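A short worksheet on the structure shown next.
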Amino acid sequence: MRAQSWQLSGELTRVAAESLELTLELLADMKGMATPTLSRFEQPGSDLWRVDIFFADRPSETFVEELLDKTGLDRWRYECRPVAERDWVSESQKLLAPVRAGRFLVFGAHDADKADASLINLQIDAGQAFGTGKHETTAACLVLLEQTAENRSPANFLDLGTGSGVLAIAANKLWPEARGTATDIDPIAIDVAEQNCRINHTPIRAFEAPAGGVALATADGLEKSELVAEGPYELVVANILAGPLIEMAEAITAAVADNGAMILSGLLNTQKEEVLAAYMPLGLKLEAAETSGEWVALKLLKSPK
Ligand code: SAH
């Protein structure tokens, strides 16, 4: 029988969650055990982060005590319990099904035969990169990209945080002549995006090459000279998260051409005003918003100063 995995969960401030992660690594290392996985994420409408530590089997009380003691969290209220069984079959089927967004159809390799000649087909194999291309935030971007194509034909575009490459590939299908650029902070995503470009016949171009297609680069935000040199961009699409979008507001805005467009996604409905408050003072106007469940994607236009 497989060992039952266990999960220790609770809420912490971001700083406490970070020190817990560090202590966990150090302690596991000291004890010569594999570091249990810790995941932490911001919770909408709260200052506290949700933290989950996953153990391959039941953690000993002494280990947990020592961990919390060393982190100064001996009074933390946490829960420790066996990981709930989930209905993996139906969940994976849900994830696997093709998704329609506007004129786009997104599917994995196993559904390649579902391609529909009347639609724009995107075969996305996520590998280890984020996203099968079917997340609500991605679908909302696809809809806004298609809307953008109704009255714009950008000469160049940037997909910031490309993940599987889905949005850059979609933009290339809409504007095959445009000079595309796709970046991600994660080098694995860039490898996956490259493979997906190949599968979808999106040409991979070199930086500075004035050809249609997509140039790929690993970078944190816009911190790479090639990315600045390729700009200013007539279209930037960034499906990241509200936090980084707000942090990068100035850098992203500076990379957009006057009268250019920006599609921002990865934010919850409740974060919309906050994100707009970061961008409007920089000269951007809200042109459209696409809601999908609790998520919203924004299309903004940059007016010349
Ligand atoms: N564009 C894809 C993936 C979105 S997930 C889609 O729409 O489905 C967000 C991606 O942003 C992840 O791949 C993550 O690695 C990347 N990312 C996060 N912070 C970043 C940063 N500062 N600079 C560049 N990429 C970043």
Side-chain angles (χ1 to χ4, degrees), residues 39-42 95-96 98-102 104-108 120 122-146 148 157-174 180-197 199-200 202 214-228 230-231 233 235-255 262-268 271 275 278 290-293 295-299:
S39 87
R40 56 186 159 91
F41 52 91
E42 214 173 343
L95 280 176
L96 289 174
V99 163
R100 174 85 191 265
F104 292 103
L105 187 68
V106 187
F107 49 82
I120 306 177
L122 304 175
Q123 181 182 323
I124 300 298
D125 297 322
Q128 290 178 59
F130 171 91
T132 49
K134 296 179 196 158
H135 195 263
E136 283 130 307
T137 59
T138 315
C141 288
L142 290 172
V143 170
L144 289 178
L145 279 174
E146 190 187 337
T148 306
F157 64 80
L158 169 68
D159 176 13
L160 186 62
T162 195
S164 62
V166 55
L167 299 176
I169 295 168
N172 170 258
K173 298 293 168 201
L174 294 171
T181 301
T183 64
D184 203 287
I185 198 166
D186 175 3
I188 295 175
I190 292 301
D191 287 347
V192 172
E194 189 175 336
Q195 286 165 30
N196 282 324
C197 281
I199 294 171
N200 290 280
T202 285
V214 173
L216 295 155
T218 306
D220 181 358
L222 284 135
E223 288 175 7
K224 194 160 210 168
S225 54
E226 290 98 311
L227 298 181
V228 179
E230 283 286 328
Y233 299 91
L235 173 68
V236 173
V237 49
N239 181 11
I240 307 191
L241 276 178
L245 287 175
I246 292 172
E247 270 165 38
M248 290 195 266
E250 282 193 19
I252 297 179
T253 303
M262 193 190 272
I263 295 172
L264 303 179
S265 188
L267 46 140
L268 296 163
Q271 296 169 322
V275 172
E290 177 69 22
T291 309
S292 181
W295 302 93
V296 61
L298 308 175
K299 182 173 165 201

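Count residues from 1 along the sequence. It should be emphasised that the depicted structure is a prediction, and the values quoted were computed from it without experimental measurement. In listed order, ligands and their atoms are each counted from 1.
Residue-level proximity to ligand 1 for A219 is carried by the backbone, the only part with a heavy atom below 4.0 angstrom. Here H135 has no heavy atoms under 4.0 Å from ligand 1, in either its backbone or its side chain. Heavy atoms of D184 found under 4.0 angstrom from ligand 1 belong to the backbone as well as the side chain. With a 4.0 Å cut-off on non-hydrogen atoms, T162 touches ligand 1 through its backbone and not its side chain. Heavy atoms of N239 found under 4.0 angstrom from ligand 1 belong to the backbone as well as the side chain.
No side-chain heavy atom of V192 sits less than 4.5 Å from a side-chain heavy atom of D125. Side-chain atoms of K299 and T148, non-hydrogen and from C-beta on, do get closer than 4.5 Å to each other.
In terms of polar-atom proximity, defined here as any N/O pair under 3.5 Å, L160 makes no such contact with ligand 1. Checked against a 3.5 angstrom limit, the closest N/O atoms of A189 and ligand 1 fall outside it. The shortest N or O to N or O distance between D159 and ligand 1 is not under 3.5 Å. Looking at G221 next to ligand 1, an N or O pair under 3.5 Å apart turns up. Any N or O atom pair closer than 3.5 Å counts here, and S164 shares no such pair with ligand 1.
A donor atom on one side chain and an acceptor atom on the other are found under 3.5 Å apart for T137 and N239.
Here the CG-CG distance, from L105 to L122, works out to 8.0 Å after rounding to the nearest 0.5 Å. Atom CG of N172 and atom CG of L167 lie 12.5 Å apart (nearest 0.5 Å). The distance from atom OG1 of T183 to atom CG of L216, rounded to the nearest 0.5 Å, is 9.5 Å. Between atom OG1 of residue T162 and atom CD of residue E194 there is a gap of 12.0 Å, rounded to the nearest 0.5 Å. Here CG of L264 is found 10.0 Å from CG of L144. Values are rounded to the nearest 0.5 Å.
Shown in contact with I240 at under 4.0 Å from a heavy atom are these atoms of ligand 1, numbered in order with element: 18 (C), 19 (N). Close contacts of ligand 1 with V166, meaning ligand atoms under 4.0 Å from a residue heavy atom, involve 6 (C), 8 (O). Taking a cut-off of under 4.0 Å to the non-hydrogen atoms of L167, the atoms of ligand 1 that pass are 1 (N), 7 (O). Listed by atom number, the atoms of ligand 1 under 4.0 Å from M248 heavy atoms are 22 (N).
Residues that satisfy the side-chain hydrogen bond (donor to acceptor under 3.5 Å, both in side chains) test with E290, not counting sequence neighbours, are absent from this structure. With sequence neighbours left out, the side chain to side chain contact (heavy atoms under 4.5 Å, CB included) criterion links A219 to K224, L227.
Contact between T183 and ligand 1 is absent, with no heavy atom of the residue lying under 4.0 Å from the ligand.
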